[in-house]
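Right, one structure below, let's go through it.
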Amino acid sequence: MAPAPGAGQPFRLSMLIHDRHYRALLIQALVFILVMSVASWLVNNTVQNLARMGKTFDFGFLTNRSGYDIPFSLIPYDSNSTHLRAAMVGLLNTLLVSALGCLFATILGVFAGVLRLSRNWLVARLMTVYVEIFRNVPLLLWILVILALFTEVMPAPRDYRVAEDGTAGAEMILFGGIAPTNRYTAVPAIVAEHDPGPVTVLGLQIDAMVVAFALALLAAWMIHLWLRAWAQERQDSTGRRPTTWWISVLLYLLPILGLMQLFGIHLVAPELRGFNFAGGMNLDNGFVVLLLALSLYTGAFIAEIVRAGILAVSRGQTEAAAALGLRPRPIMALVVLPQALRVIIPPLISQFLNLTKNSSLAIAVGYPDLRATLGGTTLNQTGREMESMILMMGIYLAISLIVSAVMNLYNSRVRLKER
């Protein structure tokens with residue numbers, strides 16, 4: 001092995017210029033000093049400006065009374081709650097719309113990406129039109145367009161009534177379970193007849209039903225992992241893999257059905273009573289509009305990612321599967337898509353991160369996300385711009401890192417194993 005540059009030679013100042021090893025160390029040291037100097041100047045300048053305005057850098061405002069209401073909340077909240085509680089409400093609202101958006105965008109993107117490669121000319125062209133239109137128009141414009149459709153086109157709640165002359169009113173969609181209106185969207189609500197109330201877990205008050213479902217799903221997941229390991233070991237030893245998918249389905253299905261029966265959980269469909277819907281749950285149109293816009297917009301990008309992943313699979317794989325007698329649908333599900341995942345997952349991570357960060361556009365439709373609570377009303381009431389912005393940046397950074405870590409872990413499991 002060749003000795004390292006400068007090894008065995010006495011150090012001289014000229015080596016910082018002419019020796020590759022010492023020159024690289026010098027450049028790294030200079031860049032580090034430059035970055036730390038800029039950071040030190042920014043911090044010092046910020047502290048001086050805050051002192052000049054009579055302000056201090058303090059997060060104590062989070063424990064003060066918020067004094068404002070939030071119309072859409074997943075946890076108990078009122079105007080007497082603290083700003084920290086308001087920030088938690090906004091964070092949960094952000095996570096809700098981001099998680100559902102990622103789910104719906106993935107389903108829509110996979111569906112549209114596969115159909116773009118359909119041999120049916122009309123279906124392929126329709127999917128192409130969807131992808132090109134949504135990809136090339138800014139997301140904010142789509143949010144405003146969908147909001148205008150809900151506001152101007154959707155019927156009022158009272159329009160769902162049957163007129164006195166027997167004329168039918170507006171019809172609910174999806175088997176009569178959802179009623180979109182210009183004020184809200186009425187959907188079925190999940191109701192529990194036997195709610196045991198909250199329990200204390202690690203000092204936090206959590207609904208007992210949530211804890212029961214979480215423990216049941218965790219136990220089912222652990223048994224599922226053991227079952228997969230057993231099936232793989234059996235396949236390695238005998239060459240035949242036992243059929244276990246129905247056992248996995250029952251592992252998740254039976255505990256859920258049992259708990260639903262135990263707590264008396266059922267769906268209550270919305271019904272028009274007077275001039276408004278009752279019995280179900282009325283979702284704020286800001287949430288529905290934002291979810292639709294994020295799903296449709298990101299789904300167009302995911303469709304192109306899926307299409308590219310499918311095209312990256314060798315055509316010989318499809319021809320070999322067809323030669324074995326497989327039909328086009330099993331070929332796509334069992335041969336093409338599993339191999340395409342290795343190409344699809346890395347750019348899919350970026351789309352999930354983009355969707356999560358794009359959810360901050362919720363302020364355009366009045367949806368109370370993290371940007372609207374902590375970065376909006378709380379910031380304006382307390383005057384703590386620096387603290388609020390730092391908290392928001394840290395939270396979005398943490399969410400992005402967690403999503404990236406989870407997806408990278410999954411990517412490491414599906415990618416090709418190198419020698």
Side-chain angles (χ1 to χ4, degrees), residues 93-118 120 123-135 137 139 142-143 145-146 149 173-175 177-178 180 185 187-188 190 217 221 245 248-249 252-253 256 267 283 287-313 328-359 361-362 367 399 403-404 406-411 413-414:
N93 289 347
T94 295
L95 294 177
L96 174 65
V97 75
S98 299
L100 292 178
C102 290
L103 174 63
F104 295 150
T106 302
I107 296 173
L108 179 61
V110 172
F111 183 76
V114 172
L115 290 184
R116 279 206 68 184
L117 299 173
S118 172
N120 187 308
V123 172
R125 296 289 83 75
L126 286 175
M127 291 299 102
T128 301
V129 170
Y130 156 67
V131 169
E132 296 301 329
I133 288 179
F134 274 89
R135 279 203 316 162
V137 176
L139 174 58
W142 282 120
I143 293 176
V145 167
I146 297 176
L149 290 176
I173 62 175
L174 293 181
F175 309 104
I178 299 178
T185 299
V187 299
I190 301 176
L217 292 176
W221 178 67
W245 64 266
S248 299
V249 172
Y252 290 97
L253 188 60
I256 292 177
L267 289 177
L283 295 178
F287 168 75
V288 178
V289 167
L290 182 65
L291 180 60
L292 285 175
L294 289 174
S295 302
L296 292 171
Y297 181 78
T298 309
F301 287 90
I302 294 178
E304 282 298 277
I305 293 172
V306 171
R307 186 176 72 94
I310 293 174
L311 293 177
V313 178
R329 188 173 299 175
I331 290 176
M332 179 63 67
L334 301 176
V335 178
V336 177
L337 282 181
Q339 296 184 74
L341 280 177
R342 303 181 180 103
V343 180
I344 292 173
I345 295 300
L348 185 64
I349 299 174
S350 298
Q351 292 305 319
F352 286 169
L353 296 179
N354 288 339
L355 187 148
T356 302
K357 291 178 287 188
N358 286 337
S359 66
L361 292 173
Y367 178 66
I399 294 173
V403 172
S404 180
V406 172
M407 292 301 295
N408 281 322
L409 179 62
Y410 177 71
N411 183 46
R413 297 181 59 183
V414 300

Problem - Evaluation steps, side-chain contact (heavy atoms from CB on, under 4.5 Å), between Val313 and Val335 - result: CA-CA 9 Å; Val313 178; Val335 178; 5.8 Å; no
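- Pairing each heavy atom of Ile178 with each of Pro188, the nearest pair is CG1-CD, 4.3 Å.
- Here the closest non-hydrogen pair linking Arg116 and Ala124 is O-CB, 3.7 Å.
- Inter-residue side-chain proximity for Leu296 and Ile146 is flagged as met; some heavy-atom pair is nearer than 4.5 Å.
- Put simply, CG on Asn120 and CG on Leu115 are 9.0 Å apart, with the number rounded to the nearest 0.5 Å.
- To the nearest 0.5 Å, atoms CH2 (Trp142) and CG (Leu292) are separated by 12.0 Å.
- Shown here is Leu149, whose CG atom has more than 12 heavy atoms of other residues, nucleotides or ligands within 6.0 Å.
- In this structure, CD1 in Ile305 is found 6.0 Å from CG in Leu348, a value given to the nearest 0.5 Å.
- Looking only at side-chain heavy atoms (C-beta outward), Tyr410 and Leu341 come within less than 4.5 Å of each other.
- Within 6.0 Å of CZ in Phe111 there are 12 or fewer heavy atoms belonging to other residues, nucleotides or ligands.
- Taking all atoms of both residues into account, the shortest heavy-atom contact from Ala362 to Leu290 is CB-CD2, 3.4 Å.
- Annotation: side chain of Pro346 is not in contact with side chain of Asn408 (no heavy-atom distance under 4.5 Å).
- Atom-to-atom distance recorded for Ile133:CD1 and Thr128:OG1 is 10.5 Å, nearest 0.5 angstrom.
- By the 4.5 Å heavy-atom criterion applied to side chains, Phe301 and Phe134 are not counted as neighbours.
- In terms of heavy atoms, Leu139 sits closest to Ala293 at CD1-O, 3.7 Å.
- The minimum heavy-atom distance between Ser404 and Ile349, with the atom names listed, is CA-CG2, 4.1 Å.
- Inter-residue side-chain proximity for Ile302 and Phe352 is flagged as met; some heavy-atom pair is nearer than 4.5 Å.
- The minimum heavy-atom distance between Ile310 and Ala340, with the atom names listed, is N-CB, 3.9 Å.
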What pairs of donor and acceptor atoms, side-chain ones from residues 93-108 against any protein atom, are under 3.5 angstrom apart with sequence neighbours left out?
| residue | atom | partner | partner atom | Å |
| --- | --- | --- | --- | --- |
| Asn93 | ND2 | Phe72 | O | 2.9 |
| Asn93 | ND2 | Val89 | O | 3.4 |
| Asn93 | ND2 | Pro368 | O | 2.8 |
| Thr94 | OG1 | Gly90 | O | 3.0 |
| Thr94 | OG1 | Leu370 | N | 3.0 |
| Ser98 | OG | Thr94 | O | 2.7 |
| Thr106 | OG1 | Cys102 | O | 2.6 |

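- Here the side chains of Leu126 and Tyr130 are not in contact, with every heavy-atom distance at 4.5 Å or above.
- One N or O on the side chain of Ser359 and one on the backbone of Thr356 form a donor-acceptor pair closer than 3.5 Å.
- Judged as a side-chain hydrogen bond (donor to acceptor under 3.5 Å, both in side chains), and not counting sequence neighbours, the contacts of Arg307 are Glu304.
- Judged purely by atom type and a 3.5 angstrom limit, Asn354 uses its side chain to pair as donor or acceptor with the backbone of Ser350.
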